[in-house]
K.L.:
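Got a structure for you, questions after.
Because the structure is predicted, anything quoted here is derived from the model rather than measured. Convention: sequence-line order gives letters A, B, ...; per-chain numbering from 1.
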Amino acid sequence: MPRREPRYWLMKSEPSVYSFDDLVREKRTFWDGVRNYQARNLMRDEMKVGDRVLFYHSNADPPGVAGLAKIVKEAYPDPTQFDPKDAHFDPKSKPEDPRWVVVDLAPLKKLKRFVSREDLRGAPKLKDMGVLRRGNRLSVQPVTPGEWRAVLALGGVKSG
DNA sequence: GCCAACGTTGGC
DNA sequence: GCCAACGTTGGC
């Protein structure tokens, strides 16, 4: 059965919490802690194995795209929602009807150069990119193929 | 540290 | 169902 074409995403992480280098070191992680319905719906309904991800460092100095990742497992329940000791515990979520999901992520490729937010802003092809919009707090966002290619070019890699 | 933007909560 | 209050995100 033919897979659909890979889609492209941007996912935000605070590097002080979990950085792209952490992902490279661990080789794989589950993307926990998403507690926004719009982001949850994208992960649950739209993300498929093989999709590509811009790993974006938010609340960083400087903020920007630190690397490329890929989806290696589709959505399943976020275990942290059931753990009272976890910062992302959700007392309203029941195991028989989980509210939040994770996907698994693995590194795809390192960029030759970190692509800062300022770099993104300077690229005409990226003028409509979601992450650059003022006030945008969505931690999981779709990226167009053109945007993906433009970011890779800024990062000094030919394909990914 | 500031604060704009936005999502969520809860009183009514 | 409205909307004010509140909490969070995240750039600067």
K.L.:
Taking A:Ser93 for its side chain and A:Arg99 for its backbone only, find out whether a donor-acceptor pair lies under 3.5 Å.
P.N.:
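Such a contact is found between A:Ser93 side chain and A:Arg99 backbone.
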K.L.:
Does a salt bridge link A:Lys94 with A:Asp97, judged by any charged N lying under 4.0 Å from a carboxylate O?
P.N.:
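Here A:Lys94 does not pair with A:Asp97 in a salt bridge, since their nearest N and O are not under 4.0 Å apart.
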K.L.:
Heavy-atom contacts under 4.0 Å between residues 93-103 of chain A and DNA chain C, which residues?
P.N.:
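Contacting residues: none.
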K.L.:
Side chains of A:Gln141 and A:Tyr8: any donor to acceptor distance under 3.5 Å?
P.N.:
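No pair is found: no donor N or O on one side chain lies under 3.5 Å from an acceptor on the other.
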K.L.:
Would you tell me whether A:Asn59 and A:Glu14 have side-chain atoms, one donor and one acceptor, within less than 3.5 Å of each other?
P.N.:
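On atom types as modelled, these side chains qualify, holding a pair under 3.5 Å.
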K.L.:
Tell me, please, which residues at least two apart from A:Lys27 pass side-chain contact (heavy atoms from CB on, under 4.5 Å).
P.N.:
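With sequence neighbours excluded, A:Lys27 shows a side-chain contact (heavy atoms from CB on, under 4.5 Å) to no residue whatsoever.
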K.L.:
For A:Tyr37 and A:Trp100, take the angle between the two ring planes, folded into 0 to 90°, and tell me which bin it lands in: parallel under 30, tilted 30 to 60, perpendicular over 60.
P.N.:
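Tilted.
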K.L.:
Taking the six-membered ring for Trp, are A:Phe55 and A:Trp9 ring centroids under 6.0 Å apart?
P.N.:
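A:Phe55 vs A:Trp9: aromatic centres not under 6.0 Å.
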K.L.:
Atom pairs under 3.5 Å, N or O on each side, protein against nucleotides 9-12 of chain C: can you list them with distances?
P.N.:
{"unit_1": "C:dG10", "atom_1": "OP1", "unit_2": "A:Lys12", "atom_2": "NZ", "d": "2.7"}
{"unit_1": "C:dG10", "atom_1": "OP1", "unit_2": "A:Arg137", "atom_2": "O", "d": "3.0"}
{"unit_1": "C:dG11", "atom_1": "OP1", "unit_2": "A:Tyr56", "atom_2": "OH", "d": "3.0"}
{"unit_1": "C:dG11", "atom_1": "OP2", "unit_2": "A:Asn59", "atom_2": "N", "d": "3.0"}

